Amino acid sequence: MSPSLPPDLSGQSVILERILHDTPPESYCVITYRGNHKRVESDWKLPTQYYFVKHWRFLERVVQNVPIVFLQGVLSWLLIMARSRSVLRIIDHEKIKVMVVCSGSLYDLPA
């Protein structure tokens, strides 16, 4: 799970491509909330299933700007639960046993 996947040109994306390049495509899938690589055909695009989860950017901005700490906590919890639910569907569908999360998002890691 990462916000940046090949063929994006971020450092994180390049490293993921190098790590997964020789891994059989049927043994892994990738999850992201950004869709930039859907439109790009590239040698760097991984030959595996790409999954996209909804990104609640509007709600993340609301959480950051709410002056009441209690309300920030409740909204953060809702964001984490929404992201978790989306990811759990993919985990169940793909029968995932191991997950690697490469994210700086406060909401991706707990999800």
Side-chain angles (χ1 to χ4, degrees):
M1 183 169 172
S2 174
S4 180
L5 296 171
D8 289 348
L9 295 177
S10 72
Q12 182 172 323
S13 176
V14 171
I15 295 299
L16 286 172
E17 192 278 331
R18 289 183 181 170
I19 290 171
L20 296 171
H21 181 72
D22 292 327
T23 305
E26 64 277 356
S27 68
Y28 72 97
C29 66
V30 293
I31 305 171
T32 188
Y33 56 81
R34 291 172 59 193
N36 300 344
H37 46 275
K38 276 199 291 191
R39 299 181 298 267
V40 178
E41 287 303 318
S42 169
D43 292 339
W44 282 13
K45 187 170 181 181
L46 297 169
T48 191
Q49 179 68 41
Y50 279 67
Y51 286 98
F52 304 94
V53 294
K54 185 164 179 60
H55 185 65
W56 301 87
R57 187 175 308 272
F58 170 74
L59 195 50
E60 286 181 19
R61 287 188 186 135
V62 170
V63 168
Q64 293 169 356
N65 294 313
V66 169
I68 303 168
V69 175
F70 172 76
L71 192 53
Q72 283 180 337
V74 170
L75 291 174
S76 294
W77 181 81
L78 288 172
L79 274 168
I80 291 167
M81 291 298 107
R83 183 81 41 92
S84 297
R85 190 171 172 203
S86 298
V87 172
L88 276 173
R89 281 192 214 120
I90 297 167
I91 289 171
D92 287 343
H93 180 262
E94 289 288 330
K95 308 293 187 244
I96 293 172
K97 294 181 179 118
V98 176
M99 186 169 192
V100 177
V101 179
C102 306
S103 178
S105 169
L106 172 67
Y107 310 106
D108 284 346
L109 294 176

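Positions are given from 1 along the sequence. The model shown is predicted, which means the values in this text are computed figures rather than measured ones.
The shortest side-chain heavy-atom distance between Cys29 and Ile96 falls under the 4.5 Å cut-off. Considering only heavy atoms from C-beta on, Ile90 stays 4.5 Å or farther from Val87 through its side chain. Between Leu46 and Tyr28 the shortest side-chain heavy-atom distance falls below 4.5 Å.
Summarising the geometry of Pro25 relative to Pro47, their closest heavy-atom pair is CB-O, 2.7 Å, with the distance given to 0.1 Å. Between Gln12 and Pro3 the shortest heavy-atom distance is NE2-CD, 3.7 Å. When every heavy atom of Leu16 is checked against every heavy atom of Ser4, the shortest pair comes out as CD1-O, 3.7 Å.
With Ser2 contributing its side chain and Leu5 its backbone, the two residues share no donor-acceptor pair below 3.5 Å.
A side-chain contact (heavy atoms from CB on, under 4.5 Å) with Val30 holds for exactly one of Phe52, Tyr51, Tyr50; it is Tyr50.
In this structure, Leu71 is a member of the same hydrophobic cluster as Met81, with clusters built from ILVMFWY side-chain heavy atoms closer than 4.5 Å. Cluster membership for Val100 and Ile91, using ILVMFWY side-chain heavy atoms within less than 4.5 angstrom, is not shared.
Annotation for Arg89: atom CZ counts as buried by contact number, over 12 foreign heavy atoms lying within 6.0 Å.
Rounding to the nearest 0.5 angstrom, the gap separating the CD atom in Glu94 from the OG1 atom in Thr48 is 7.5 Å.
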